[in-house]
Amino acid sequence: MTSEAATSEPIIVCKDVSKWFGDFQVLRDVSVTVQPKEVVVIIGPSGSGKSTFIRCINRLEEHQEGEIIIDDIVMDHNVRNITAIRREIGMVFQSFNLFPHLTVIQNIMLAPMNVRRWPRERAEAKARELLTRVGIPEQADKYPGQLSGGQQQRVAIARALAMEPKIMLFDEPTSALDPEMIKEVLDVMKELARSGMTMLVVTHEMGFASEVADRVLFFDQGRIVEEGKPDVIFEKPQHPRTQLFLSQIL
Amino acid sequence: MSQSAQASQGTSFVQRIGRLLADQRFLRMFGQFVFFVIILIVLVQNWTNIYNALASRNLTPNFDFMNNRAGFEIGGAADYSPDMPYWSAFMVGMRNTLSIIVAGLAGATVLGILAGIFLLSHNWLVRNITRGIVEVLRNTPLLVQIFFAFFVVVLALPPLRESIGIPPEAVWVIPFRWLAYVAALVIGWYALRRTSGWARVAGWVALITAIFTLEVALTRLAAIAPGTTPLLIAGIAGLALAVLGAYGPRRIPALAGFGLGLMIGAILAALLRDMPAAGIRIETSPIIFLNNRGLYYPSVYLTGRFAVWAAFIGLGVGLAALVFHQQRRAQETSGQPRHYWRNALLLAVGLTGGGWLLILAQPAVETVPVVVDGTLTRVPAAQAFADEQITLNEALLTAPTPLAALAPVRQGLRFVNGQSLTPEYVALLLALVFYTAAFIAEIVRAGILAVPYGQLEAGRALGLTQAQMLRMIILPQALRVIIPPLTNQYLNLAKNSSLAIAISFADVYAVMNTVGNQSGQSVTSIVIVMITYLVISLIISAAMNWVNARFQLVTR
């Protein structure tokens with residue numbers, strides 16, 4: 001994947017991105033380029049800025065220095081650019097964030113109908129197709145509160161996919177799940193990776209990373225300390241910080 | 001089967017009783033029964049006590065006394081006299097209570113929601129001023145606030161002869177040159193719509209400076225220096241500044257804008273210099289009067305032409321509903337945005353306003369025949385009514401408009417025509433509205449804050465706009481939290497309205513208090529009052545529970 005992708009136009013370009021929370025610098029000159037169809041897994045200790053970084057990519061957090069360009073749209077203060085970027089990016093959160101007052105299918109249809117202005121029939125057909133894809137077509141008319149955590153997260157993935165995004169961001173999608181539900185969510189994500197979706201995944205699931213990632217980024221103290229193919233990073237980490245982190249979690 | 005049957009046959013009566021006494025289901029039912037019997041005994045005992053105590057004083061409790069002559073006055077009730085029975089006095093009190101509750105609920109809801117949003121405002125001043133007012137209102141007794149509203153606010157208004165009129169008796173002149181300012185603002189908005197950041201700020205500053213310059217040039221400069229020299233100098237200076245700003249060593253758009261504005265201002269001033277005072281004259285005279293005897297406002301009557309207008313309104317609303325429904329469905333099925341809200345509103349407002357104009361355009365009865373000094377002459381209808389030659393109903397039949405309003409007119413120490421609210425009503429309403437609104441504000445604030453931040457992030461990540469998030473995500477979830485405590489505040493307002501007695505407003509409690517004292521039937525009177533408030537509260541609760549049920553989440 002990487003070899004053919006390297007020749008094409010990058011879909012995400014981040015150049016020297018820096019961000020502060022008050023006096024505390026969370027991101028230090030982060031530069032990343034992602035090609036279409038690439039799957040990038042971001043690992044690192046908590047507080048290392050990996051979540052903040054992917055939240056900057058769809059402007060849930062505002063970066064203060066550096067440049068972010070998504071699909072040739074420059075991320076600046078212009079509301080139109082921000083909206084245009086958000087339409088192209090789907091996001092899955094650690095805590096699902098489904099809308100509790102809407103049914104599963106209404107959750108999925110909401111954005112296509114109101115942001116993309118799709119007709120109801122088209123949005124509903126897309127929603128049912130996606131529910132089948134994530135394996136829970138029979139739950140369409142239930143409310144999120146009636147589903148298990150794994151099912152909720154799969155609905156959240158379907159909701160993000162309904163906007164037909166070019167990029168999917170996953171912010172620790174399995175961290176809030178019971179162990180037996182992690183697999184069902186990871187299976188959906190693996191299938192999505194194989195289908196050619198550009199993905200940025202913050203996760204602690206090393207098995208998932210070594211199976212589908214094209215590249216692994218290791219974050220520490222707001223910096224990318226090391227990056228490379230998953231087998232290289234996991235088998236022969238160069239940086240002592242990476243070695244320490246991997247020895248603690250593997 | 002047969003074994004267990006044998007076993008139950010084999011148990012003795014005592015064993016079965018013992019088992020029953022240990023049975024959870026029996027114990028629960030027995031507990032209920034015992035509690036019910038205790039309550040019944042207490043109630044019967046109390047009623048017997050009261051009945052005997054009253055009967056010994058020749059006051060058997062019953063409701064027949066309500067048919068006796070009331071014999072006391074009630075202020076502000078034109079359709080009531082002391083010769084009517086107690087029931088009529090009760091109905092006047094009931095009307096006053098319901099009127100204060102309905103107006104109070106509406107006012108407190110609107111004010112409370114506004115204040116609740118202000119409490120969450122990003123504007124420091126708005127947020128903290130609202131916070132201060134809410135704290136004062138929440139933490140002082142309602143009774144004190146009612147006295148404050150009555151003695152300090154309402155009774156401190158000027159006396160009747162010096163009534164405050166709204167709008168004031170005045171002549172307003174809107175100068176024509178203001179049209180030039182409006183045009184400048186529109187052009188400026190158009191020119192600046194694609195700029196952002198400092199360029200936009202500088203552009204607006206330049207535009208407003210230019211308008212200010214024009215105003216000074218037109219009103220002051222022309223008066224001080226009648227010649228054209230100052231204007232000429234201003235025009236040349238403006239041209240120079242504009243050229244310097246646009247083509248100088250550094251491009252300064254703000255300077256160029258200001259120079260251009262100054263130049264155009266000077267040219268316009270030279271052209272318009274003889275007409276700075278020309279404008280549209282508007283004369284206003286008061287229709288609402290405010291003084292320490294109450295609030296006087298116009299009464300609105302339906303005229304003979306109202307039926308036709310009502311048909312227009314009905315048609316407009318009907319068509320609007322149809323268009324709204326059709327276009328919304330069209331948007332959902334085609335995905336193309338249809339402005340169904342706007343179109344429906346335009347249709348309804350257009351037919352209502354258009355109908356009014358059409359009716360107004362019809363030839364009206366201009367004069368009416370009246371007998372003056374024994375001879376039959378025709379005089380204009382309005383004049384005939386003013387001279388009391390025809391009745392109000394006859395005048396309404398000749399009116400050219402579907403609705404007619406009669407503003408209050410002061411005649412000596414009273415107002416004729418129009419309607420009025422008593423000072424007691426105004427004071428009680430003000431106090432109830434502000435006091436309850438302070439609590440509602442906190443409920444609204446809490447309800448909006450109760451929506452988890454993750455919900456907003458999810459909405460943003462999907463590309464929803466701020467307005468869409470408010471309507472589709474925040475409000476439905478906030479209302480779920482807001483409605484139950486809001487119901488409590490509604491009930492509080494309804495019950496607190498009985499504090500009216502403190503400032504002698506004749507609500508149902510104040511009236512029944514007098515009835516009880518006067519007839520000696522205090523117990524029966526209190527029972528009537530309690531039933532009245534109970535019914536009102538139950539109606540409010542039932543309505544709010546119905547609303548609440550529609551917003552609850554399904555979790556199982």
Side-chain angles (χ1 to χ4, degrees), chain A residues 54-55 57-61 76-103 106-124 141-147 156 159-160 162-163 165 168-169 171, chain B residues 193-201 327-341 447-448 450-483 547-556:
Chain A
I54 70 163
R55 287 158 61 84
I57 289 176
N58 68 347
R59 191 63 167 209
L60 289 184
E61 302 283 357
D76 54 13
H77 295 282
N78 191 320
V79 184
R80 289 196 195 106
N81 287 356
I82 295 172
T83 314
I85 287 173
R86 283 179 178 159
R87 285 165 164 228
E88 304 309 329
I89 301 180
M91 180 146 186
V92 176
F93 300 87
Q94 181 179 350
S95 50
F96 327 137
N97 293 349
L98 292 176
F99 305 129
H101 59 296
L102 301 177
T103 61
Q106 286 171 338
N107 261 282
I108 303 175
M109 289 162 65
L110 184 78
M113 284 181 66
N114 291 292
V115 180
R116 290 242 189 259
R117 293 267 171 225
W118 284 4
R120 174 177 286 280
E121 284 76 25
R122 184 176 166 194
E124 191 172 338
D141 296 314
K142 289 202 181 158
Y143 284 88
Q146 297 168 298
L147 303 184
R159 179 177 71 176
M163 285 290 284
M168 285 285 285
L169 307 176
D171 188 2
Chain B
R193 74 192 191 289
R194 290 207 184 281
T195 58
S196 61
W198 282 109
R200 164 168 279 190
V201 175
Q327 293 203 334
R328 188 167 67 169
R329 185 181 290 175
Q331 173 173 320
E332 281 183 356
T333 49
S334 75
Q336 299 304 310
R338 304 284 160 89
H339 299 282
Y340 46 89
W341 269 109
I448 292 174
V451 179
Y453 191 64
Q455 292 287 310
L456 302 187
E457 291 198 328
R460 256 179 234 143
L462 288 168
L464 295 176
T465 63
Q466 203 68 30
Q468 285 174 330
M469 291 206 297
L470 189 70
R471 187 159 51 88
M472 300 170 180
I473 296 169
I474 300 176
L475 273 185
Q477 295 188 57
L479 280 175
R480 167 172 62 94
V481 184
I482 288 172
I483 290 167
V547 175
N548 191 33
R550 310 199 52 165
F551 281 102
Q552 287 317 300
L553 289 184
V554 182
T555 49
R556 304 233 172 278

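Please read all numbers here as calculations on a predicted model, not as lab measurements. Proteins get letters first, then strands, A, B, ... in listed order; numbering begins at 1 in each.
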Write down the atom of [X], the atom of [Y], and the distance for their closest heavy-atom approach.
X	Y	result
A:His101	B:Met472	NE2-O, 2.7 Å
A:Asn58	B:Ala461	ND2-CB, 3.7 Å
B:Ala458	A:Phe93	CA-CE1, 3.8 Å

Item to check | side chain to side chain donor-acceptor pair (under 3.5 Å) partners for A:Glu88, two or more places apart | outcome: none
Checklist entry - Got a sec, which residues hit side chain to side chain donor-acceptor pair (under 3.5 Å) with B:Gln327, two or more places apart in sequence or on another chain? => result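 Residues passing side chain to side chain donor-acceptor pair (under 3.5 Å) with B:Gln327: B:Asn343.
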Item to check | B:Gln468 portion near chain A, given a 4.5 angstrom heavy-atom threshold | outcome: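 The side chain, not the backbone.
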Let me know if [X] has heavy atoms under 4.5 Å from chain B in its side chain, its backbone, both or neither.
X	answer
A:Ser95	neither
A:Leu98	backbone
A:Arg55	side chain

Checklist entry - Does anything in residues 109-118 of chain A get under 4.5 Å of chain B by heavy atoms, and if so which residues? => result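 The list, in residue order, reads A:Leu110, A:Ala111, A:Met113, A:Asn114, A:Val115, A:Arg117, A:Trp118.
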Checklist entry - Within the side chain of A:Asn97, is there an N or O that forms a donor-acceptor pair under 3.5 Å with the backbone of B:Gly454? => result yes
Next on the checklist: Once ring pair (Phe, Tyr, Trp, His ring centres under 6.0 Å) is applied, do any residues pair with A:Phe99, and if so which ones, sequence neighbours excluded?
Outcome noted: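 Expected list: none.
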Checklist entry - Nearest 0.5 Å, what's the CD1-CG distance between A:Ile89 and B:Leu462? => result 12.0 Å
Item to check | Whether over 12 other heavy atoms sit under 6.0 Å from B:Gln466 CD | outcome: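 Not buried by this count: 12 neighbours or fewer within 6.0 Å.
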